[in-house]
Structures are given as C-alpha cells and as structure tokens.
Amino acid sequence: MFYLYSFTLLFGGLSVINFIFSYQNKHIDVHFWSTLKFQLLMLPLFLIANMCIGYGVRFGYKSTENLSYVLVAAKCLEILISLIMGYLFLKEIPNWKTWVGLGVIVIGIVIMKQK
C-alpha cells in the first residue's frame with residue numbers, strides 16, 4: 001500500500017511543479033516583476049507540491065528500505081512528467097532517442113532493484 005501512496009504523492013507533487021514552470025515558460029512575460037508576481041502567487045502550490053514529494057519519498061523509503069532506489073525512480077517519473085508537459089504546452093513530440101534514453105533509465109532501475 002505504501003507503493004501506491006508513494007507513487008500518487010510523487011506523481012501529484014512533481015506534476016504540479018512541472019505544470020507551474022511549463023505554464024510560466026509559455027504564458028508569463030519574461031520581465032522580472034511579472035515573473036516575481038507569478039512566483040509569489042504560486043508559493044502555496046509549491047508548498048503543497050513539496051509536501052507531497054517529501055511524503056512520497058518517505059512512503060517509498062518505507063516500502064523499499066532503499067533511498068537511492070526511491071530517488072532514482074522519482075527522477076524517472078519526473079522525466080516522464082516533463083515529456084507530458086512538453087507535449088501539452090509546446091506540442092513537442094519525443095523522438096526515438098528520448099525513448100531509448102528513458103528505456104536505459106528504466107533498465108537501470110530494474111537492475112538496481114534486483115538483489
């Protein structure tokens with residue numbers, strides 16, 4: 001059950017953070033004051049997202065007893081979320097090299113998890 005909690009919290013927190021930065025890149029003016037205003041308005045969402053990520057890592061560690069595995073898996077999840085945000089906001093479609101790189105990361109996680 002801790003796996004499900006961990007995945008859900010990590011996915012939610014990382015999605016919120018990537019969504020905020022993707023939205024900022026696409027829709028917020030690059031001038032300092034408009035960026036500062038947007039970032040200040042997003043502070044409550046960043047707090048919630050950071051809490052989700054923190055508890056996701058904690059639950060992941062409880063379920064696996066291996067912090068390195070949890071952190072690497074979270075980074076892999078973040079890469080997937082980044083690909084999704086790139087498609088949603090900028091209509092970027094990953095090429096075959098991206099999928100090969102992601103496959104290498106997944107294979108590394110599987111090898112690392114084996115005893």
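This structure is a prediction, so every number in the text was calculated from the model and none was measured.
Distance check: L80 CG to L102 CG gives 5.0 Å after rounding to the nearest 0.5 Å. The structure places CE of M51 at 11.5 Å from CD1 of I53, a figure rounded to the nearest 0.5 Å. We find the CG-CZ distance between L10 and R58 to be 13.0 Å, quoted to the nearest 0.5 Å. With values rounded to the nearest 0.5 angstrom, M42 atom CE is found 11.0 Å from I48 atom CD1.
Within 6.0 Å of NZ in K97 there are 12 or fewer heavy atoms belonging to other residues, nucleotides or ligands. Dense packing is recorded around NE2 of H27, with more than 12 heavy atoms of other residues, nucleotides or ligands lying under 6.0 Å away. By the neighbour-count criterion of 12 heavy atoms within 6.0 Å, atom OH of Y55 is sparsely surrounded, having that number or fewer from other residues, nucleotides or ligands.
Between S22 and M85 the shortest heavy-atom distance is OG-CB, 3.4 Å. Closest non-hydrogen pair, A74 versus L14, comes out as O-CD1, 3.6 Å. Pairing each heavy atom of G13 with each of A49, the nearest pair is O-CB, 3.5 Å. Contact between F89 and Y23 at its shortest, heavy atoms only, is CE2-CA, 3.8 Å. N18 and S82 get closest at one heavy-atom pair: OD1-OG, 3.5 Å.
At least one side-chain heavy atom of I20 sits under 4.5 Å from a side-chain heavy atom of F38. Between F7 and L77, some side-chain heavy-atom pair lies under the 4.5 Å cut-off. In this structure, T35 and D29 have side chains that are not in contact, with every pair of non-hydrogen atoms separated by 4.5 Å or more.
The hydrophobic cluster containing L43 also contains W33, counting ILVMFWY residues as joined when their side-chain heavy atoms lie under 4.5 angstrom apart, directly or transitively. Linking ILVMFWY residues whenever their side-chain heavy atoms come closer than 4.5 Å, directly or via other members, places V16 and F46 in the same cluster. Both F11 and L71 are assigned to one and the same hydrophobic cluster, defined by single-linkage of ILVMFWY side chains at heavy-atom distances under 4.5 Å. Under the 4.5 Å side-chain heavy-atom criterion for Ile, Leu, Val, Met, Phe, Trp and Tyr, L45 and L41 are members of the same hydrophobic cluster. Side-chain heavy atoms closer than 4.5 Å link hydrophobic residues (I, L, V, M, F, W, Y) into clusters, and following such links, even through other members, never connects M1 to V70.
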- Walk me through it: do Y61 and F2 pass the test ring pair (Phe, Tyr, Trp, His ring centres under 6.0 Å)? CA-CA 9 Å; Y61 179 72; F2 284 129; over 10 Å; no
- Message: Checking L9 against F59 for the side-chain contact (heavy atoms from CB on, under 4.5 Å) test, could you report, in this order, the C-alpha distance in whole Å, the side-chain angles of both residues, the deciding distance, and whether it holds?
- Response: CA-CA 9 Å; L9 288 168; F59 287 137; 3.6 Å; yes
- Can L83 and W99 be said to form a side-chain contact (heavy atoms from CB on, under 4.5 Å), step by step? CA-CA 10 Å; L83 292 175; W99 295 113; 4.2 Å; yes
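Using a 4.5 Å cut-off between side-chain heavy atoms of Ile, Leu, Val, Met, Phe, Trp and Tyr, Y87 falls into a hydrophobic cluster with I93. Residue V30 belongs to no hydrophobic cluster, having no ILVMFWY side-chain heavy atom closer than 4.5 Å to its own.
In terms of modelled atom types and a separation under 3.5 Å, the side chain of T8 and the main chain of Y5 share no donor-acceptor contact. At distances below 3.5 Å, not a single donor-acceptor pair connects side-chain atoms of N25 with backbone N or O atoms of F21. Under a 3.5 Å cut-off, the side chain of S6 and the backbone N or O of V57 do not form any donor-acceptor pair.
Under the side-chain contact (heavy atoms from CB on, under 4.5 Å) criterion, N66 pairs with T64, S68, Y69, not counting sequence neighbours.
Under the 3.5 Å distance criterion, with hydrogens and angles disregarded, a donor-acceptor pair is assigned to the side chains of N95 and T98.
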